[in-house]
Amino acid sequence: ALALLLTGAGQITAFDLSLPQLRLTELKQVAFDRLTHPELLCLLGITPVREAERLRLFHHISRHLTAASRTYWLGQEHRLAKGIIHAGKF
């Protein structure tokens, strides 16, 4: 789904049974839309930065998330602080 956003798709309809995965997808979409490339790399956890900087970036874009996603991620700040690419199972 994210690859389609990068090609300029205005909207994507996807079905997933995992609420955390849906929240992660929404966060990534907002991050891609609202952050600079270096900021995005920091939030994702690719560029090493202080945990406080990742949390600052999240709070900077959090108003663009749905209320449900914002609430979810506020309860997951420990994951945000480490970088969201390090959260979840693969």
Side-chain angles (χ1 to χ4, degrees):
L2 290 176
L4 292 172
L5 288 174
L6 293 174
T7 63
Q11 182 176 355
I12 295 173
T13 301
F15 295 93
D16 196 319
L17 298 177
S18 170
L19 283 177
Q21 185 62 40
L22 293 171
R23 303 294 183 241
L24 179 59
T25 300
E26 182 182 342
L27 177 59
K28 287 179 179 178
Q29 178 187 0
V30 169
F32 273 91
D33 288 344
R34 301 289 176 174
L35 297 176
T36 66
H37 188 253
E39 290 172 331
L40 175 65
L41 295 178
C42 291
L43 181 68
L44 292 174
I46 295 169
T47 302
V49 295
R50 290 189 198 148
E51 292 181 355
E53 176 62 10
R54 286 197 186 94
L55 293 175
R56 185 195 70 76
L57 290 169
F58 166 74
H59 288 287
H60 175 71
I61 64 170
S62 66
R63 70 179 186 271
H64 301 287
L65 296 169
T66 61
S69 284
R70 188 170 41 257
T71 298
Y72 173 82
W73 285 109
L74 287 172
Q76 301 292 320
E77 285 192 335
H78 63 287
R79 294 184 193 279
L80 290 166
K82 300 291 183 195
I84 58 177
I85 64 165
H86 304 295
K89 301 176 189 172
F90 296 97

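Heavy-atom contacts from other residues, nucleotides or ligands closer than 6.0 Å to NE2 of H37 number 12 or fewer.
Nearest heavy atoms, L43 versus F58: CD1-N, 4.1 Å. Between L55 and A81, the shortest heavy-atom contact is CD2-N, 4.0 Å.
The structure places OG of S62 at 11.0 Å from CG of L57, a figure rounded to the nearest 0.5 Å. For the atom pair H60 NE2 and R34 CZ, the distance stands at 8.5 Å (nearest 0.5 Å). Here the CZ atom belonging to R23 is positioned 9.5 Å from the OG atom belonging to S18, to the nearest 0.5 angstrom. In this structure, the separation between CZ on R70 and NE2 on H64 is 10.0 Å, given to the nearest 0.5 Å.
Looking at I84 and R54, their side chains never come closer than 4.5 Å, going by heavy atoms from C-beta outward. A 4.5 Å side-chain heavy-atom check between T25 and Q29 finds every atom pair outside the cut-off. Looking at heavy atoms from C-beta onward, L27 lies in side-chain contact with L80 at the 4.5 angstrom threshold. When side chains are defined from C-beta on, E26 counts as touching T66, because their heavy atoms get closer than 4.5 Å. Between L22 and Y72 the shortest side-chain heavy-atom distance does not fall below 4.5 Å.
When hydrophobic clusters are built by joining Ile, Leu, Val, Met, Phe, Trp and Tyr residues whose side-chain heavy atoms come closer than 4.5 Å, directly or via intermediates, L74 is grouped together with I61. In the hydrophobic clustering of this structure, V30 groups with L40; members are Ile, Leu, Val, Met, Phe, Trp, Tyr whose side-chain heavy atoms approach within less than 4.5 Å, directly or through other members. W73 is not connected to V49 by any chain of hydrophobic side-chain contacts under 4.5 Å among Ile, Leu, Val, Met, Phe, Trp and Tyr, and they are in different clusters.
Taking the charged nitrogens against the carboxylate oxygens, R56 and E53 do have a contact shorter than 4.0 Å, which makes a salt bridge.
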